J.: 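Here it is: the structure, laid out below.
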Amino acid sequence: MVKFRGVLCLLAAFSSVSFAGVLGIEPYRDAQLVKSNSQAEQFVEIPLSKIRRAGSGWEPETVIRLKGDYFSSLYKINRNALLSDVYTHYRSQMLSNGRSILFECDSRSCGSSNAWANNFFGDYLLYGSDQSQFLLVVKNKQDTYQILYLNRRGAGDVMVRLDEVKSAEANDTEFEIVAQMDVQDIPRIRRFVSDLPAGQNVVGFVTSQKIGTLSAIESGDRLISMASAGLGDQLKDKVRFINLADLGRESLGVNRISFVYVRP
């Protein structure tokens, strides 16, 4: 799985101008390109919520996991730049051409900056104060996602991370996955379902695998029973569970639940 980590191949041939052309976004004035990365047909997680502690690690509470072509750039901007100006510069471009916001946060509402930098993006250069971070995730109608993360480092420089993922599975299904998570993480599932708008129900596709004498289907049934019981009487009626066992596509993962909105 790729979590926007720095293990991707460095494309030294890209200049800040040429890479901006790939993403369709012009860098902030005097921004210096630190590094650029690209990789084709990789599994990537798109963050859709603040980052939280999960077991012994950290991860966004809600993600979309997909396979696609991935591009990334990291810029450094001098310490005199205002964070709000930098964010507005990138945000206005990302919301052009019909792109819609999937998730947006700033300051402490994003969670731990250390966790975003080191656990999710895998780049310590992004680490700064929790109060000075911004995160924006957008998507266009062609299932191309863009993720912007920026923060001011302790030394004063502003670091800007801009990622783009072009889904390779855009035409593989008639439904759109709105969130994915560990099917055994009942607290997260409860929060997602309880935060649904009034009258909005979802389908939860559950994947599983063979465990000992239990078949993948039997394992899936057990996971669904656990999740349903964890939701309780007030919330379980908002979810229709479907057991995919081990027949789901690879991007759905194993022992995961993928939510899809039920159209009104």
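If you read the sequence from its start, that first residue is 1, and numbering goes on from there. If you're wondering where the values come from, they're calculated on a predicted model, not measured in any experiment.
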J.: Has Arg188 got a side-chain atom pairing as donor or acceptor with Thr62's backbone, closer than 3.5 angstrom?
T.: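 Absent.
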J.: Is a side-chain donor-acceptor pair under 3.5 Å present for Thr144 with Gln142?
T.: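 Thr144 and Gln142 do not have a side-chain donor-acceptor pair below 3.5 Å.
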J.: Are Val262 and Ile177 joined in one hydrophobic group, where the rule is that I, L, V, M, F, W and Y side chains link up if heavy atoms are under 4.5 Å apart?
T.: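 In one cluster with Val262: Ile177, yes.
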J.: Can Arg161 and Ser72 be said to form a side-chain hydrogen bond (donor to acceptor under 3.5 Å, both in side chains), step by step?
T.: CA-CA 7 Å; Arg161 169 94 174 213; Ser72 176; 3.2 Å; yes
J.: Disulfide (SG to SG under 2.5 Å): which pairs involve residues 83-155, sequence neighbours left out?
T.: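 Every pair satisfying disulfide (SG to SG under 2.5 Å) with a residue in residues 83-155: Cys105-Cys110.
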J.: With a 4.5 Å cut-off on side-chain heavy atoms, are Arg91 and Ile101 touching?
T.: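 Yes, side chains in contact.
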J.: Run Leu66 and Tyr145 through side chain to side chain contact (heavy atoms under 4.5 Å, CB included) and show every step you take.
T.: CA-CA 10 Å; Leu66 56 85; Tyr145 299 79; 3.3 Å; yes
J.: Where the side chain of Lys236 meets the backbone of Lys238, is there a donor-acceptor pair that is under 3.5 Å apart?
T.: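 Such a contact is absent between Lys236 side chain and Lys238 backbone.
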J.: Could you tell me whether the side chain of Arg256 and the main chain of Thr207 form a donor-acceptor pair under 3.5 Å?
T.: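 It does not hold such a pair.
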J.: Yes or no on side chain to side chain contact (heavy atoms under 4.5 Å, CB included) for Leu126 and Trp116, after CA distance, side-chain angles and deciding distance?
T.: CA-CA 8 Å; Leu126 294 172; Trp116 281 115; over 6 Å; no
J.: Show the numbers, then the answer: is there a side chain to side chain contact (heavy atoms under 4.5 Å, CB included) between Lys35 and Asp123?
T.: CA-CA 11 Å; Lys35 53 187 174 182; Asp123 193 337; 3.1 Å; yes
J.: Show your reasoning for whether side chain to side chain contact (heavy atoms under 4.5 Å, CB included) applies to Glu61 and Lys50.
T.: CA-CA 6 Å; Glu61 184 161 284; Lys50 70 182 294 182; 5.6 Å; no
J.: Are side-chain N/O atoms of Asn97 and Asn140 paired as donor and acceptor at under 3.5 Å?
T.: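 No, no side-chain donor-acceptor contact under 3.5 Å.
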J.: Just to verify, what does Val178 make a side-chain contact (heavy atoms from CB on, under 4.5 Å) with, not counting sequence neighbours?
T.: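 Val178: side-chain contact (heavy atoms from CB on, under 4.5 Å) contacts with Phe192, Phe259, Tyr261.
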J.: Do you know which of Leu244, Leu252, Val183, Asp221 makes side chain to side chain contact (heavy atoms under 4.5 Å, CB included) with Val206?
T.: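 When side chain to side chain contact (heavy atoms under 4.5 Å, CB included) is applied between Val206 and each of Leu244, Leu252, Val183, Asp221, only Val183 qualifies.
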J.: What I want to check is whether the side chains of Asn151 and Ser132 have a donor and an acceptor closer together than 3.5 Å.
T.: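 Result is yes, a qualifying pair exists.
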J.: Is there a donor-acceptor pair closer than 3.5 Å between any side-chain N or O of Gln93 and the backbone N or O of Glu26?
T.: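 Yes, because the side chain of Gln93 sits within donor-acceptor range (under 3.5 Å) of the backbone of Glu26.
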J.: Under 6.0 Å between the ring centres of Tyr28 and Tyr75?
T.: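 For Tyr28 and Tyr75, the ring centres are not under 6.0 Å apart.
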